[in-house]
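Everything on this sheet refers to the single structure shown next.
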Amino acid sequence: MMVPVRCFTCGKPVAAEYEEYVERVDEGEDEEEVLDDLDVDRYCCRRMLVSHQELVDTVAPYQ
Amino acid sequence: MEFEVENIEGDGRRAAFVVRGATPAFVNGVRRAMLADVPTMAIDTVDVYENTSVIFDEVLSLRLGLVPLTTDLEGYELPEECSCEGEGCTGCEVSVLLDVEAEDEDTTVYSGDLEVEDPEIEPAQDGIPIIDLKPDQAVVLEATARLGRGRDHAKNQGATAAAYKHLYRAVEDGGGGEDVLRGYVETLDGDVVDMSEYDGRVSEAFDDDVGFETVDDAFVFEVESDGSYEAEQMVSEAALSLSERAEELADTIAT
C-alpha cells in the first residue's frame with residue numbers, strides 16, 4: 001500500500017524520501033547515486049525504498 | 001568514573017565522538033539507554049471521526065504513530081510519572097488534529113498537515129506521506145501524543161543508529177599490515193581522522209611502515225537520531241538517564 005514510514009530494521013524515517021527517489025529514478029538517474037544523495041546509507045533502509053511497490057491506485061477501485 | 005569526550009563531527013541528526021577512559025560496559029550502557037530509555041514524543045491514541053480512504057483505521061493509526069515528533073522534555077512528563085497518574089492531562093499529553101478532504105483531485109496527506117496544539121511539538125519532517133486520498137475521500141481525526149520509551153514501542157526509539165567501536169591508533173614501525181581501514185583512526189600526532197576522506201585507503205593517509213592497534217579504553221561513537229532530538233541532546237539525555245538509574249539503585253540498596 002503506502003511506503004512504510006520507518007525502516008523496519010533500524011527505525012530511520014525513510015518515507016519522506018520516497019517520492020523524490022521515484023521521481024529521480026524515473027528520470028533515469030542511477031538508484032545507487034540517488035540513495036547516497038538522499039542520505040539513505042544503510043542497506044536496511046535502502047531496501048525499504050528499492051523494494052517498495054505502491055498499490056493504493058490498484059486497490060482504490062475496489063473500495 | 002571520569003572520562004573525556006571529544007567531538008569529531010555533528011550536524012543536527014548525526015554525531016560522531018570519541019570517549020576516552022571509559023569501559024566497554026559503560027559505553028554499552030549509554031548505547032542501550034539511547035535506544036531504549038530516552039523518551040520521545042509520539043502519537044499514541046487516535047480517534048478516527050471519518051476515514052473514507054482505502055487504508056484501514058488501524059494502519060492509518062500505526063503510520064501516524066511512527067511519525068517522529070520533536071520532543072520537549074521540559075514541558076512534558078511520562079504519563080506514568082505525571083501527577084495525574086496516567087489519566088491524561090496537559091502535563092503529559094498533547095492533542096494532534098488531522099482534517100484533510102480531497103475535493104476533486106488525488107491528494108496525498110503529509111505529516112506536515114498534522115496540527116499539533118502545542119507549537120513546541122511538531123513533526124520532525126513535514127514530507128512523510130501518511131495516506132493517499134482519491135476524489136471525495138476524507139480523513140478527520142483527533143490523536144493524542146505522549147512521551148514513551150523505546151523499550152515499550154519502536155516508535156519511541158529516538159536513536160536510529162547508535163553504535164560504538166574501539167578507536168584504532170597508528171603506531172610507528174608497525175610494519176604495515178592493513179590495506180583498508182574504515183571509520184576513525186588516531187594518527188601518530190594524536191588527531192582523529194575520518195578514513196572515508198581517503199576512501200579507506202591506508203597508503204594514502206599514512207606512511208608505509210605504520211601499523212595499527214586498538215586503544216583499550218577509547219571508543220568511537222556514531223549516533224543518528226530520528227529527528228525527535230538533535231543527536232547531541234540524545235547522548236546527554238542517555239547519560240543522564242543512566243546516572244538517574246544508578247542513583248536509584250544506590251538508594252534501593254541503602255534502604
Side-chain angles (χ1 to χ4, degrees), chain A, chain B residues 11-14 34-36 40 42-43 51-56 58-69 102 106-112 123-137 150 153-163 196 222 224-228:
Chain A
M1 294 293 277
M2 303 282 301
V3 220
V5 177
R6 289 176 185 242
C7 167
F8 291 153
T9 305
C10 71
K12 180 188 172 80
V14 289
E17 327 293 351
Y18 184 67
E19 285 177 9
E20 185 179 341
Y21 168 76
V22 171
E23 205 171 291
R24 287 172 63 177
V25 169
D26 283 348
E27 280 170 12
E29 266 188 77
D30 183 55
E31 285 95 336
E32 185 183 349
E33 280 165 25
V34 180
L35 288 169
D36 285 341
D37 200 41
L38 292 172
D39 279 342
V40 181
D41 297 327
R42 290 180 289 277
Y43 60 67
C44 61
C45 309
R46 291 163 92 96
R47 58 96 203 257
M48 297 306 295
L49 299 186
V50 170
S51 61
H52 180 252
Q53 180 69 46
E54 196 64 73
L55 281 177
V56 170
D57 291 341
T58 318
V59 179
Y62 306 105
Q63 175 78 335
Chain B
D11 60 333
R13 290 190 181 194
R14 286 170 197 242
M34 270 188 269
L35 295 173
T40 71
I43 290 177
N51 174 19
T52 45
S53 75
V54 293
I55 306 269
F56 292 119
E58 292 85 344
V59 180
L60 173 62
S61 310
L62 173 68
R63 295 183 66 84
L64 287 169
L66 291 173
V67 171
L69 303 174
D106 288 6
T107 308
T108 306
V109 182
Y110 292 99
S111 54
Q125 281 174 300
D126 283 343
I128 300 175
I130 308 285
I131 188 170
D132 274 338
L133 298 178
K134 298 287 157 195
D136 293 328
Q137 294 181 343
H153 197 296
K155 69 187 175 187
N156 295 115
Q157 181 190 313
T160 56
S196 68
E222 284 179 83
E224 187 190 277
S225 107
D226 69 349
S228 37

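Treat the numbers as computed from the prediction; the structure is a model and nothing was measured. Proteins get letters first, then strands, A, B, ... in listed order; numbering begins at 1 in each.
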Practice problem: Counting only heavy atoms closer than 4.5 Å, note whether A/Glu20 contacts chain B via side chain, backbone, both or neither. | Solution: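 Neither part.
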Exercise. Below 4.5 Å from any heavy atom of chain B, which atoms of A/Met2 appear? Answer side chain, backbone, both or neither.
Key: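 Both parts, backbone and side chain.
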Quiz item: Under a 4.5 Å heavy-atom cut-off, does chain A meet the side chain of B/Thr108, its backbone, both or neither?
Solution: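 It is the side chain, since no backbone atom gets that close.
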Heavy-atom distance under 4.5 Å between the side chains of [X] and [Y], does that happen here?
| X | Y | result |
| --- | --- | --- |
| A/Lys12 | B/Arg13 | no |
| A/Pro13 | B/Val67 | no |
| A/Met1 | B/Val59 | no |
| A/Arg6 | B/Gln157 | no |

Practice problem: Using a cut-off of under 4.5 Å on heavy-atom pairs, state which of B/Gly127, B/Ala161, B/Ala154 scores highest against chain A. | Solution: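 Going by pairs under 4.5 Å, I would pick B/Gly127.
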Self-check item: Contact winner vs chain A - B/Ile131, B/Leu35, B/Leu62, B/Asp226, heavy-atom pairs under 4.5 Å
Solution: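 Answer, by heavy-atom pair count under 4.5 Å with chain A: B/Asp226.
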Practice problem: Decide if atom CD of A/Glu27 counts as having more than 12 heavy atoms of other residues, nucleotides or ligands within a radius under 6.0 Å. | Solution: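 Result for CD/A/Glu27: enclosed.
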Practice problem: Taking all non-hydrogen atoms of both residues into account, name the closest pair between A/Ala15 and B/Ile128 and its distance. | Solution: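 Between these two residues, the closest heavy atoms are CB-CG2, 3.8 Å.
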Exercise. State whether A/Asp41 and B/Arg14 are salt-bridged, where the test is any N-O pair (Lys NZ or Arg NE/NH1/NH2 against Asp/Glu carboxylate O) under 4.0 Å.
Key: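 Counted as a salt bridge, because a side-chain N and a carboxylate O are separated by less than 4.0 Å.
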Quiz item: Using a cut-off of under 4.5 Å for heavy-atom pairs, which of A/Pro4, A/Cys10, A/Cys7 has the most such pairs with chain B?
Solution: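 Of the options given, most contacts go to A/Cys10.
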Quiz item: Looking at B/Asp106, B/Asp132, B/Leu133, which one forms a side chain to side chain contact (heavy atoms under 4.5 Å, CB included) with A/Val56?
Solution: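 Of the listed residues B/Asp106, B/Asp132, B/Leu133, the side chain to side chain contact (heavy atoms under 4.5 Å, CB included) partner of A/Val56 is B/Asp132.
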